[in-house]
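Working notes for the structure below.
FYI, side chains are in, hydrogens and waters are out, and symmetry mates aren't considered; it's all heavy atoms of this structure. In each ligand, atom 1 is the first atom listed, and ligand 1 is the first ligand listed.
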Amino acid sequence: MNVHRLGFLGFGHVGRALAELLERKRPELRQRYGFDYGVTGIATGGGGYIAAEPGGTLRPEAASPAAPVAGRRCADVDAWLAAARPDVVFEMSPTDARHPDRAVAHVRSALLAGAHVVSANKGPNLQAYRELADLAWAAGRHYLFEASCMGGVPIFSLFRDGLPAARLQRFRGLLNCTSSVVLREIERGGDLAAGVARARALGVAEADPAADLDGWDCAVKICAIGTVLMDTPVPLERVAVTGIRQAPVDEIRRAAQSGGQIRLVSVVERHGADVHATVRPERLEPSDPLFSPEPQDIVGVFDVDVLHGLTVRGHRLGADTTAYDLLADLVRAVTRPVPPEHAKPRGRDSISSQPITLHTS
Ligand SMILES: NC(=O)c1ccc[n+]([C@@H]2O[C@H](COP(=O)([O-])OP(=O)(O)OC[C@H]3O[C@@H](n4cnc5c(N)ncnc54)[C@H](OP(=O)(O)O)[C@@H]3O)[C@@H](O)[C@H]2O)c1
């Protein structure tokens, strides 16, 4: 049986949920997919880069936030990769959309060290998607990131595996629970502060919910979706963003009283050779596929050249469902060959130099 060495870059909510899920799924991974795993490296901001002793493994399931893991401390990510020798690296460090260099360097170094990379972090794709995809292709390794957007609802693998040769024209989605929970509270007579308190009680709001309320969390996600699925860079600064603080309270309540709802809607669409992205509060009617009686729903509607209105919906997404996306990518990474269409370099270089003749009758 193959035993794959795993490295965790980041060991917070998602990393811990992944460690638990892996432990729970170990028998299934062995029986159905014929592999086992051992964790040979864990890195955190506070704990640094820790690698197992040669030939040994770390026990992430026994770690606590105060005392992450015992092992050898390495100077940096390259030393850690050399010591832990992971076959698969999970990038689960914090997303810093404006300064993603550290996470990009993590992915680049891991691929160059010969590991597959499975990422929950959307930052690297905002800055360097094509470079990293091409690097993975050249290295013969997978670079997979299903967990990075709508964690728990498959969108990237849906495209890659389920929609070959389809071209995404437009994606429209509800990508942020906190804003929906706050808007629901306002519909019911509460205010913004009560909505934030409700979102915190449900465990969906960040300590500082500004990025949720001002639309920047959605903007980062829609940029990542457009950049990857339309294979065209969508810079954050080009997204037209309006948050829910700008939505008038009386309009929010009027919409609800007349059977509709105002929600924070993110859109990315092609305009000729260009791609435009917006995030703004919109009135939704019950016939709209984004309309959600349940404010903890995350929804996406894809319009592709061969299908219209393909809708995916997830409920109560969080660290656990994101961990499942990571596990699913792990299974893909270690059981499938790197598909050439996944990261094929675009443009003239990718066109076959062999002339071919088409015979038509
Ligand atoms: N939570 C979700 O539901 C969810 C869903 C989809 C995607 N994501 C993405 O998944 C990633 C992890 O999310 P999370 O909720 O687990 O975040 P988190 O709880 O804040 O954990 C982040 C982890 O990264 C570590 N870290 C900080 N700087 C690091 C560095 N330089 N090198 C390596 N590790 C470092 C932190 O260590 P210290 O605590 O010691 O600083 C912590 O262990 C983020 O990119 C997030 O956007 C999360």
Kindly confirm or rule out an N or O of [X] lying under 3.5 angstrom from an N or O of ligand 1.
X     : result
Gly46 : yes
Thr95 : yes
Gly15 : no
Phe11 : yes

_Heavy atom of Gly151, distance to ligand 1 below 4.0 Å_ =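 No, Gly151 has no heavy atom closer than 4.0 Å to ligand 1.
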
*With a 4.0 Å cut-off on heavy atoms, is Arg16 touching ligand 1?*
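The answer is no, since Arg16 has no heavy atom less than 4.0 Å from ligand 1.
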
*Distance-only polar pair, side chains of Asp78 and Ser109, donor-acceptor under 3.5 Å*: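 Yes, Ser109 and Asp78 have a side-chain donor paired with an acceptor closer than 3.5 Å.
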
Under 4.0 Å to a heavy atom of [X] - the qualifying atoms of ligand 1, by number:
X      : value
Ala319 : 3 (O)
Thr322 : 3 (O), 4 (C), 5 (C), 6 (C)
Gly318 : 3 (O)
Ala147 : 6 (C), 7 (C)
Ser93  : 11 (C), 24 (O), 34 (N), 35 (C), 44 (C), 45 (O)
Lys122 : 47 (O)

Could you check [atom] against the protein and tell me its nearest heavy-atom contact, residue, atom and distance included?
atom                    : answer
atom 12 (C) of ligand 1 : Met92 O, 3.2 Å
atom 31 (N) of ligand 1 : Arg102 CD, 3.0 Å
atom 8 (N) of ligand 1  : Ala120 O, 3.8 Å
atom 32 (N) of ligand 1 : His106 CE1, 3.6 Å
atom 48 (C) of ligand 1 : Val14 CG2, 3.6 Å

Can you confirm whether more than 12 heavy atoms, excluding those of [X], are under 6.0 Å from its [atom1] atom?
X      : atom1 : answer
Phe156 : CZ    : yes
Arg32  : CZ    : no
Arg283 : CZ    : yes
Arg184 : CZ    : yes
Arg332 : CZ    : yes

*Can you find a pair of side-chain heavy atoms, one from Asp288 and one from Arg263, that are under 4.5 Å apart?*
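When only atoms from C-beta onward are counted, Arg263 and Asp288 do not touch, as no gap falls below 4.5 Å.
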
*Checking side-chain contact (heavy atoms from CB on, under 4.5 Å) against Phe90, which of Ile42, Val14, Asn121, Leu326 comes through?*
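Only one of Ile42, Val14, Asn121, Leu326 forms a side-chain contact (heavy atoms from CB on, under 4.5 Å) with Phe90, namely Leu326.
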
*With ring centroids as reference points, do Tyr143 and Phe145 lie under 6.0 angstrom apart?*
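Judged by ring-centre distance (under 6.0 Å), Tyr143 and Phe145 do meet the cut-off.
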
Protein heavy atoms: any of them under 4.0 Å from [atom]?
atom                    : result
atom 20 (O) of ligand 1 : no
atom 39 (O) of ligand 1 : no
atom 10 (O) of ligand 1 : yes

*Just how far is it from atom OG1 of Thr232 to atom CZ of Arg130, taken to the nearest 0.5 Å?*
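Answer rounded to 0.5 Å: 10.0 Å.
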
*asked:* Please verify the inter-ring angle class for Phe302 with Phe159; under 30° counts as parallel, over 60° as perpendicular, anything in between as tilted.
replied: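 Geometry flag for Phe159 against Phe302: tilted rings.
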
*Knowing that exactly one of His315, Arg313, Gln261 qualifies, which makes a side-chain hydrogen bond (donor to acceptor under 3.5 Å, both in side chains) with Ser292?*
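For Ser292, the side-chain hydrogen bond (donor to acceptor under 3.5 Å, both in side chains) check succeeds only for Arg313.
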
_Closest to atom 28 (N) of ligand 1 among Cys149, Gly45, Ala43, Ser148 (heavy-atom distance)_ =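 Closest candidate by heavy-atom distance is Gly45.
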
*Check side-chain contact (heavy atoms from CB on, under 4.5 Å) between Gln127 and all other residues, then give those that pass, not counting sequence neighbours.*
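If we apply the side-chain contact (heavy atoms from CB on, under 4.5 Å) test to Gln127, skipping adjacent residues, the hits are Pro100, Asp101, Val104.
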
